[in-house]
Amino acid sequence: MCHTLLQTMTSHNHHRHGHPCPAPHRHQKQSVKADRTVVYSNPRSVLVLTHDITSSNLQVSVYEPVIPPKSQPSTINDSTSAIMSFFSNTAVSSSRLIYITAGLMFDPASPRPFGGPKIQPGYVDYVGTTVPSLLQYLVESSFRWYWGCRGRDALDFLTRSVNKARRLHFAGNADFLNELMLKGMKKAGHIEWSGVLRIPESLRHRPEPFSDAGRDGVFFTPRLSGVKKEGRG
């Protein structure tokens with residue numbers, strides 16, 4: 001159970017490998033100034049992203065208890081599959097919606113680990129060259145931020161962004177969506193920042209025969225069979 005976290009360079013190395021958060025020693029000298037302390041009054045719950053077909057939403061669900069324990073790789077794989085399932089029920093390529101999601105998330109003003117200083121925001125850590133690697137980065141970074149005892153803001157932000165990308169698609173503003181998609185592609189390093197850009201046929205907007213934009217929303221930690229609701233404190 002993680003009671004506190006001082007976000008130092010030393011503790012960051014532990015978090016990357018999924019180790020519990022050590023309580024700082026009373027006289028331990030910090031390598032960098034802590035930017036936030038998170039207090040957990042209860043053990044962290046096992047979270048996973050799920051596609052709720054009934055409500056047409058991506059959700060953060062809590063599985064507790066889990067026997068046997070759900071591994072971190074399986075959590076990431078299941079959550080990635082949930083997003084792919086969520087995006088598959090549209091007239092456009094899931095790659096287009098993933099790029100739009102990145103366009104919404106890759107901004108210095110975004111929550112950590114994606115945001116940060118304008119000269120070095122968190123998303124510059126992404127170095128992949130494919131759409132699957134981009135989705136993997138979005139999901140894995142969000143979960144590792146949570147597993148590192150930094151709170152669930154990143155997971156909630158990812159969920160909101162995925163839901164918003166799909167909602168915007170159904171709203172049908174192709175020009176605005178194209179701008180978001182190109183922004184995501186550029187900030188991911190998948191296309192050049194300057195020059196003439198032509199959207200490939202596979203990534204072009206295709207209108208939906210109907211719109212469920214009015215029904216879309218974001219739901220967090222629903223109460224389902226075997227699922228326990230978790231507070232955000």
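Predicted model, so just to flag it, every value in this text is computed and none were measured.
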Quiz prompt | Candidate list Val139, Leu138, Leu49, Thr75, test side-chain contact (heavy atoms from CB on, under 4.5 Å), partner Thr80, passing option | solution = Val139
Quiz item: Which heavy-atom pair separates Phe114 from Ser142 by the least distance, and what is that distance?
Solution: CZ-OG, 3.4 Å
Quiz item: Rounded to the nearest 0.5 Å, how far apart are CD of Glu140 and CD of Gln136?
Solution: 5.0 Å
Quiz prompt | Worked verdict on Lys187 versus Trp193 for side chain to side chain contact (heavy atoms under 4.5 Å, CB included) | solution = CA-CA 8 Å; Lys187 292 199 171 185; Trp193 276 91; 3.8 Å; yes
Exercise. Examine distances only and state if a side-chain atom of Arg96 and a backbone atom of Met181 form a donor-acceptor pair shorter than 3.5 Å.
Key: no
Practice problem: Of all the heavy-atom pairs spanning Asn89 and Phe170, show the shortest one and how long it is. | Solution: O-CZ, 4.1 Å
Practice problem: Check whether any side-chain heavy atom of Val92 sits under 4.5 Å from a side-chain heavy atom of Arg204, and report yes or no. | Solution: no
Quiz item: Tell me, do Met84 and Ile98 make a side-chain contact under 4.5 Å, heavy atoms counted?
Solution: yes
Quiz item: So how far is it from Ile76 CD1 to Leu135 CG, rounded to the nearest 0.5 Å?
Solution: 11.0 Å
Quiz item: CG/Leu182 to CG/Leu203 distance, rounded to the nearest 0.5 angstrom?
Solution: 9.0 Å
Quiz item: Is the distance between the ring centroids of Tyr99 and His190 less than 6.0 Å?
Solution: yes
Practice problem: Report the distance from atom CG of Leu58 to atom NE2 of His51, rounding to the nearest 0.5 Å. | Solution: 8.0 Å
Self-check item: Ionic contact status for Lys183 with Asp107, cut-off 4.0 Å
Solution: yes
Self-check item: Shortest non-hydrogen contact from Tyr146 toward Leu47
Solution: CZ-CD1, 3.6 Å
Quiz item: How far apart are the C-alpha atoms of Met105 and Phe157, what are their side-chain angles, what is the distance that settles it, and do they pass the side chain to side chain contact (heavy atoms under 4.5 Å, CB included) test?
Solution: CA-CA 8 Å; Met105 298 181 68; Phe157 179 56; 3.7 Å; yes
Quiz item: Where do Arg112 and Trp145 come nearest, in terms of heavy atoms and distance?
Solution: CB-CZ2, 3.2 Å
Quiz item: Taking atom types as modelled and ignoring hydrogens, do the side chains of Thr50 and Ser61 form a donor-acceptor contact shorter than 3.5 angstrom?
Solution: yes
Quiz item: Any side-chain heavy atom of Gln72 sitting closer than 4.5 Å to one from Phe143?
Solution: no
Exercise. Output yes when a side-chain donor or acceptor of Ser110 lies under 3.5 Å from a complementary backbone atom of Phe106, and no otherwise.
Key: no
Exercise. Please determine if Arg166 and Glu208 form a salt bridge, counting it only when a charged side-chain N lies under 4.0 Å from a carboxylate O.
Key: no
Exercise. Using the side chain to side chain contact (heavy atoms under 4.5 Å, CB included) rule, take Asn163 and Phe86 through it: C-alpha gap first, then chi angles, then the decisive distance, then the call.
Key: CA-CA 9 Å; Asn163 280 320; Phe86 183 63; 3.2 Å; yes
Quiz item: For Thr130 and Ser133, does a side-chain donor sit closer than 3.5 Å to a side-chain acceptor?
Solution: yes
Quiz prompt | Approximate separation, where rounding is to 0.5 Å, of Ser94 OG and Ile100 CD1 | solution = 11.5 Å
Quiz prompt | Where Leu134 and Tyr126 come nearest, the two heavy atoms and their spacing | solution = N-OH, 3.4 Å
Quiz prompt | Contact summary for Ser202 and Ser93, nearest pair of heavy atoms | solution = O-CB, 3.3 Å
Quiz prompt | Atom pair CD (Gln59) and CG (Asp52), whose distance is rounded to the nearest 0.5 Å | solution = 4.0 Å
Exercise. Dump the intermediate steps for side chain to side chain contact (heavy atoms under 4.5 Å, CB included) on Asn173 and Leu168, then the final yes or no.
Key: CA-CA 7 Å; Asn173 188 334; Leu168 289 172; over 6 Å; no
